[in-house]
Visitor: 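Before I ask anything, let me first share the structure, which is written out below as structure tokens.
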2 protein chains.
Amino acid sequence: MTTHVGRPAGAARERLLSVALDLFAVHGVSGTSLQMIADVLGVTKAAVYHQFQSKEEIVLAVVAPAVDSVARIADLAEARRSPASRREAALSGLVDLVVKNRRLAAVLRADPTVGQLIREYPDMVELSRRIGRLLTGPDPAPEIVVGAAMVGGGLMIAGMDPTLAEFDDEALRRHLLSGARRLLRVRTPGVGQQT
Amino acid sequence: MTTHVGRPAGAARERLLSVALDLFAVHGVSGTSLQMIADVLGVTKAAVYHQFQSKEEIVLAVVAPAVDSVARIADLAEARRSPASRREAALSGLVDLVVKNRRLAAVLRADPTVGQLIREYPDMVELSRRIGRLLTGPDPAPEIVVGAAMVGGGLMIAGMDPTLAEFDDEALRRHLLSGARRLLRVRTPGVGQQT
DNA sequence: GTCTATACGCTGATAGAC
DNA sequence: GTCTATCAGCGTATAGAC
């Protein structure tokens with residue numbers, strides 16, 4: 001699933017999306033006005049409207065790359081043979097993604113505006129179901145369903161919690177992954193069971 | 001710590017706080033206007049302003065009971081003898097609180113407006129540090145620090161995730177508690193080690 | 001406790017000049 | 001691409017009548 005098909009990048013556009021993400025992370029989507037974005041960029045609101053026709057379009061553009069990444073993770077994971085291998089691939093992919101984009105995670109999962117927006121796109125709803133299935137495997141026990149939800153929350157928190165800011169990427173990645181495995185009752189996988 | 005000292009309840013006031021919480025949970029604090037609150041109540045904005053002098057006051061009043069509850073949990077937990085017993089008391093107290101107030105958790109931990117507000121009150125910052133220390137124990141390994149953060153995220157998600165809506169309180173409580181213990185690498189505690 | 005009326009800044013959004 | 005100018009509507013908040 002490619003959400004931002006063939007849209008020419010443009011440095012100004014990328015800059016706008018970057019400051020928008022920063023502001024969304026601090027104030028939430030509803031708490032961020034186009035004026036704020038324009039101020040940080042040092043331009044006027046009208047200049048912002050030149051690149052995006054509405055606020056919703058900005059939100060979608062901010063979220064799109066992450067959604068694409070998650071979709072790619074799901075694609076790769078689903079290509080594996082065993083449920084355990086699929087889960088492992090999804091898990092490590094998600095953890096990597098979160099660690100590499102710490103700011104983004106909170107905006108994606110916690111912001112009610114983004115949540116509503118995502119719920120309006122059937123593709124995104126289906127994507128989150130796919131991820132859920134990958135993490136729990138088929139016919140999961142209730143305990144594992146709750147565990148999978150907690151994994152989602154735990155990964156989200158990694159982007160928000162100031163306590164975790166001191167961790168470097170590699171350490172955070174390792175601890176998040178091992179925490180997620182404990183939640184899902186997965187033994188640290190050996191090497192032989194790839195693909 | 002009692003945040004709402006000696007304020008007479010008043011049925012209208014309680015009703016207002018309840019609908020405010022519902023709206024905050026769906027739209028976020030910034031995304032909820034006083035007009036929305038007034039509309040649901042079937043009154044005008046001015047009627048809302050009769051009971052609270054500002055929107056911030058409403059937010060604080062919504063959050064206050066939960067903050068008090070958390071403070072009481074911390075007090076009780078810190079009165080225990082061993083670190084393990086303190087952690088266990090804090091954990092089960094928090095899980096109970098979250099399960100009994102599913103709507104509230106997301107608003108409390110995920111909303112950026114609430115986060116900023118809380119950061120302005122030193123008492124609340126200190127409270128969240130106390131909870132963190134109770135969960136990790138003294139001198140925690142990095143793994144446990146990340147685990148404690150994930151517990152926070154996991155509990156928050158319990159109030160937001162529609163996947164978990166089907167669970168009844170008792171089942172959700174049990175699974176959240178066992179998930180949290182796995183994250184913190186705690187064995188299910190025996191009976192003899194209370195107080 | 002609730003109402004009407006009012007204040008004024010800021011919101012998202014548009015039109016047209018440079 | 002950015003600007004100025006402008007719009008209607010809504011945001012929080014106040015004053016005063018019932």
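Here is the naming used below: chain letters follow the sequence lines, and residue numbers restart at 1 for every chain.
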Visitor: Side-chain contact, heavy-atom cut-off 4.5 Å: A:I58 with A:L34?
Guide: yes

Visitor: For residues A:H175 and B:V145, determine if any side-chain heavy atom of one lies less than 4.5 Å from a side-chain heavy atom of the other.
Guide: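 A:H175 does not reach B:V145 side chain to side chain.
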
Visitor: For A:R102 and A:M160, what are the C-alpha separation, side-chain angles and deciding distance, and is it a side chain to side chain contact (heavy atoms under 4.5 Å, CB included)?
Guide: CA-CA 8 Å; A:R102 298 198 194 191; A:M160 293 186 1; over 6 Å; no

Visitor: Any heavy-atom pair between the side chains of B:R109 and A:D161 that's under 4.5 Å?
Guide: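 A:D161 vs B:R109: side chains touch.
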
Visitor: With sequence neighbours excluded, what pairs up with A:R133 under the salt bridge (Lys or Arg N to Asp or Glu O under 4.0 Å) test?
Guide: A:E126

Visitor: Any chance CG of B:D168 has more than 12 other-residue heavy atoms, nucleotides or ligands included, within less than 6.0 Å?
Guide: yes

Visitor: In whole Å, I'd like the distance from the CD atom of A:E57 to the C1' atom of C:dA13.
Guide: 13 Å

Visitor: Distances for protein N/O vs nucleotides 4-11 of chain C N/O pairs under 3.5 angstrom?
Guide:
from   : atom 1 : to    : atom 2 : distance (Å)
C:dT11 : OP1    : A:S33 : OG     : 3.0

Visitor: With a 4.0 angstrom cut-off to heavy atoms of chain A, pull out the first and last contacting nucleotide of DNA chain D, in 5'-to-3' order.
Guide: D:dG1 to D:dT4

Visitor: Any idea which heavy atoms bring B:L135 and B:R87 closest together, and the distance?
Guide: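 Looks like O-CD, 3.2 Å.
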
Visitor: With a 4.5 Å heavy-atom cut-off, do B:V146 and B:L183 have their side chains touching?
Guide: no

